[in-house]
Amino acid sequence: MDSMTFVLFGATGDLAKRKIYPALFNLYLDNKLPDSFLIIGVGRGELSDDDFQIRIKESLLTFSRHVVDEKHHIEEFIKLCRYNRLDVTNGEDYKNLLDVIQQNEKDREIKENRMFYLSVAPEFFDMIASNIKESGLSSTNGCKRLMIEKPFGHDLKSSQHLNEKLSNAFEEDEIYRIDHYLGKPMVQNLEALGFANPILQALWNNQHIANVQITASETVGVEARAGYYDKAGAIRDMVQNHMLQLLMMTAMHLPTQISTTDIRSEKIKVMESLRPLKKEEVVDHVVRGQYGPGEIQGSGVIGYNKEPGVATSSKNDTFVATRVWIDNDFWQGVPFYIRTGKRMNEKFTKIVIEFKNPLKDLYRNDNQNAAPNLLVINVSPYEGVSMQLNSKNPQNGNLEPIVVDFSSSGKDVPEAYELLIFDALRGDSTFFAHWKEVELSWQWVQPILEAFEEDILPLHLYPSGSMGPDPSNQLLKVDGFKWW
Ligand SMILES: NC(=O)C1=CN([C@@H]2O[C@H](COP(=O)(O)OP(=O)(O)OC[C@H]3O[C@@H](n4cnc5c(N)ncnc54)[C@H](OP(=O)(O)O)[C@@H]3O)[C@@H](O)[C@H]2O)C=CC1
Ligand SMILES: O=C1O[C@H](COP(=O)(O)O)[C@@H](O)[C@H](O)[C@H]1O
């Protein structure tokens with residue numbers, strides 16, 4: 001891989017500590033970093049390179065999945081890391097950074113390939129991008145790339161505004177918008193599952209599939225993020241990005257060639273076929289909830305509106321369930337249900353494909369138990385695939401559901417950030433969110449945001465430790481289904 005200078009804005013922050021350094025370290029251990037690679041962390045504090053390297057070491061000892069046998073490699077890895085003081089609001093600081101980078105490129109006689117990773121608050125994104133341009137940091141004889149963390153805007157308008165600003169400094173194919181759900185190994189496996197298994201390919205349509213259910217359930221509450229989360233809610237925090245990306249990856253019609261452009265265009269087609277909701281219709285297709293007090297794994301927890309930083313009167317959504325329709329030839333008539341919430345009774349993300357069940361009517365009067373066939377794609381915490389089939393119990397002759405299970409748990413599976421940073425380093429943007437996908441997602445979500453803001457639909461309280469409010473079950477019940 002070509003040489004690269006990796007500039008990390010927000011190098012002293014939480015995300016860098018928990019995810020980015022461990023991911024870079026794992027890539028280093030797997031020999032997946034460019035031969036000549038320099039990490040320059042920036043922040044406002046006065047840190048020496050040594051101070052910075054000690055911080056990184058601490059982060060690796062706490063968060064890397066590889067530390068026990070690899071302590072000596074940590075010492076080698078941190079030598080790749082330097083610190084540069086920079087206030088993102090100060091144009092002069094970027095010129096100093098340019099001097100440091102140019103000097104290093106000259107000393108090592110390497111190409112001016114530069115990656116800028118923005119792990120900072122979103123209000124800085126456009127300012128940093130334009131300062132990178134103004135200072136000359138982006139005038140290189142190599143490649144320049146921008147990696148940014150969500151949120152990409154707060155609604156449709158602000159996301160369009162942000163994109164306009166970013167595209168003044170970077171071309172679309174130079175922008176790598178991270179959606180860490182796209183980095184989860186099982187999500188990356190979805191295309192292969194369909195592509196490499198004709199049996200699934202043949203069944204992946206409305207003739208055979210009754211409904212699709214996508215759930216991301218969390219046990220954590222708002223944690224220390226009330227400042228951000230109370231303005232975002234589950235709809236912006238999870239649905240607009242992660243959940244719609246899972247929907248696109250599940251519903252896309254597999255292209256004949258698996259190229260970045262083909263996958264993108266199929267994902268965009270899904271979003272273009274998503275039936276739009278009018279604000280007044282939101283109440284019939286969306287359930288919003290907020291967690292109350294309850295119990296998580298045997299311990300009592302407080303309700304959302306008692307959390308530090310949250311107003312008692314907050315009507316913020318910590319749970320959203322919705323029914324969506326994809327109006328194209330493959331999916332016409334198949335409801336997709338999406339559900340996500342905090343303080344639920346279990347932490348998992350999974351996609352369940354429920355197949356049509358003609359046996360239900362056949363065996364109706366026979367006291368037999370013909371359950372629908374289910375394909376369950378477990379995204380996290382354990383990656384795996386299972387299939388629910390029907391089989392005859394030899395003891396009583398009754399049909400019973402059996403589960404054929406594959407789980408990769410226990411294997412050394414790479415982290416999402418590791419896969420994504422590796423892809424960005426080699427210029428592969430398949431598993432990053434393209435602007436068009438982001439824009440169409442905001443467009444679809446916009447009436448829901450407005451309906452929430454105007455309080456058009458009820459906010460259902462659910463006990464912490466449950467699977468959300470009961471109306472979320474009703475959403476499926478009226479269609480003759482249940483959450484699996
Ligand atoms: N933490 C997480 O799990 C996740 C975070 N994100 C996103 O990642 C981004 C970073 O989040 P997180 O790490 O949690 O944030 P933190 O608040 O922990 O860190 C913010 C970073 O920004 C730097 N910073 C703030 N102001 C300036 C400034 N004027 N000039 C230079 N640097 C500045 C700080 O450096 P210093 O104070 O040293 O100057 C610090 O390194 C955000 O966009 C967030 O939404 C996305 C998904 C998950
Ligand atoms: O982006 C986010 O994701 C996490 C959930 O991610 P997971 O990988 O643990 O499933 C969520 O807790 C957070 O609120 C949100 O910002």
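All values below were derived from every heavy atom in this structure, side-chain atoms included, with hydrogens, water molecules and symmetry-related copies excluded. Remember, it's 1-based here, ligands and their atoms both numbered in the order they're listed.
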Checklist outcome for this item: Near Asp87 (heavy-atom distance under 4.0 Å), the atoms of ligand 1 are 28 (C), 29 (N), 30 (N)

Checklist entry - Against heavy atoms of Pro151, which atoms of ligand 1 measure under 4.0 Å? => result 45 (O)

Checklist entry - For ligand 1, is there an N or O atom under 3.5 Å from any N or O atom of Leu15? => result yes

Checklist outcome for this item: Quick note on ligand 1: atoms under 4.0 Å from a heavy atom of Glu149 include exactly 7 (C), 8 (O), 46 (C), 47 (C)

Checklist entry - Are Lys95 and Asp99 close enough for a salt bridge, meaning some N to O gap below 4.0 Å? => result no

Atom pairs, nitrogen or oxygen, ligand 2 to protein, under 3.5 angstrom:
| unit_1 | atom_1 | unit_2 | atom_2 | d |
| --- | --- | --- | --- | --- |
| ligand 2 | 1 (O) | Lys150 | NZ | 2.8 |
| ligand 2 | 1 (O) | His242 | NE2 | 2.7 |
| ligand 2 | 6 (O) | His180 | NE2 | 3.2 |
| ligand 2 | 8 (O) | His180 | NE2 | 2.8 |
| ligand 2 | 8 (O) | Lys184 | NZ | 2.6 |
| ligand 2 | 9 (O) | Lys347 | NZ | 2.7 |
| ligand 2 | 10 (O) | Tyr181 | OH | 2.5 |
| ligand 2 | 10 (O) | Lys347 | NZ | 2.9 |
| ligand 2 | 12 (O) | Glu218 | OE1 | 2.5 |
| ligand 2 | 12 (O) | Glu218 | OE2 | 3.2 |
| ligand 2 | 12 (O) | Lys342 | NZ | 3.1 |
| ligand 2 | 14 (O) | Arg225 | NH1 | 2.9 |
| ligand 2 | 14 (O) | Asp237 | OD2 | 2.6 |
| ligand 2 | 14 (O) | Lys342 | NZ | 2.9 |
| ligand 2 | 16 (O) | Lys150 | NZ | 2.8 |
| ligand 2 | 16 (O) | Arg225 | NH2 | 3.0 |
| ligand 2 | 16 (O) | Asp237 | OD1 | 2.6 |
| ligand 2 | 16 (O) | Asp237 | OD2 | 3.4 |

Checklist entry - Would you say Arg18 touches ligand 1, if touching means a heavy atom closer than 4.0 Å? => result yes

Checklist outcome for this item: The protein heavy atom nearest to atom 10 (C) of ligand 1 is Ser119 O, 3.2 Å

Checklist entry - Who's the nearest protein heavy-atom neighbour of atom 21 (C) of ligand 1, and how far? => result Gly10 CA, 3.7 Å

Checklist outcome for this item: Within 4.0 Å of some non-hydrogen atom of Pro122, the atoms of ligand 1 are 43 (O)

Item to check | Reference residue Tyr28; test ring pair (Phe, Tyr, Trp, His ring centres under 6.0 Å); the match among Phe77, Phe422, Phe6 | outcome: Phe77

Checklist entry - Minimum heavy-atom separation for Ser407 to Tyr382, with atom names? => result OG-CB, 4.4 Å

Checklist entry - Quick one: do the Asn26 and Glu418 side chains pair a donor with an acceptor below 3.5 Å? => result yes

Checklist entry - Arg177 pairs by salt bridge (charged side-chain N to carboxylate O under 4.0 Å, His left out) with which of Glu149, Glu172, Glu439? => result Glu172

Checklist outcome for this item: Ranking Asp14, Val120, Thr12 by closest non-hydrogen atom to atom 35 (O) of ligand 1, top hit is Thr12

Item to check | Qualifying side-chain hydrogen bond (donor to acceptor under 3.5 Å, both in side chains) pairs, either residue in residues 124-138, two or more places apart | outcome: none

Item to check | Counterpart residues, salt bridge (Lys or Arg N to Asp or Glu O under 4.0 Å), relative to Lys157 (two or more places apart) | outcome: none

Checklist entry - Which atoms of ligand 1 sit under 4.0 Å from any heavy atom of Val88? => result 28 (C), 29 (N), 30 (N), 31 (C)

Item to check | Close-contact set for ligand 1 against Leu86 heavy atoms, below 4.0 Å | outcome: 30 (N), 31 (C)

Checklist outcome for this item: Restricting to heavy atoms, the pick from Gly43, Gly13, Gly45, Ala232 nearest atom 32 (N) of ligand 1 would be Gly43

Checklist entry - Looking at the rings of Phe336 and Trp331, which for Trp means the six-membered one, are their centres under 6.0 Å apart? => result yes

Item to check | Check: Tyr462 ring centre within less than 6.0 Å of Phe319 ring centre | outcome: yes

Next on the checklist: Does only the side chain of Phe124 get under 4.0 Å from ligand 1, or the backbone, or both, or neither? Count heavy atoms.
Outcome noted: side chain

Item to check | side-chain contact (heavy atoms from CB on, under 4.5 Å) between Glu105 and Thr5, intermediate numbers included | outcome: CA-CA 8 Å; Glu105 286 164 345; Thr5 307; 3.9 Å; yes

Next on the checklist: What I want to find out is whether Glu58 reaches Arg55 closely enough, with some N-O distance under 4.0 Å, to be called a salt bridge.
Outcome noted: no

Item to check | Polar proximity ligand 1 side, Arg44 side, N/O cut 3.5 Å exclusive | outcome: yes

Checklist entry - atom 45 (O) of ligand 1: which protein heavy atom is closest, and how many Å away? => result Lys150 O, 3.3 Å

Next on the checklist: Below 4.0 angstrom, counting only protein heavy atoms, does anything approach atom 17 (O) of ligand 1?
Outcome noted: no

Side-chain donor-acceptor pairs under 3.5 Å in residues 445-457, sequence neighbours left out?
| unit_1 | atom_1 | unit_2 | atom_2 | d |
| --- | --- | --- | --- | --- |
| Gln446 | OE1 | Leu156 | N | 3.1 |
| Gln446 | NE2 | Glu450 | OE2 | 3.0 |
| Glu453 | OE2 | Arg236 | NH2 | 3.2 |
| Glu454 | OE1 | Lys279 | NZ | 3.2 |
| Glu454 | OE2 | Lys279 | NZ | 3.0 |
| Asp455 | OD1 | Arg288 | NH2 | 2.4 |
| Asp455 | OD1 | Lys315 | NZ | 3.3 |
| Asp455 | OD2 | Lys315 | NZ | 2.9 |

Item to check | Residues Asp237 and Lys150 bridged, charged N to O under 4.0 Å | outcome: yes

Item to check | Presence of salt bridge, Glu218 and Lys342, under 4.0 angstrom | outcome: yes

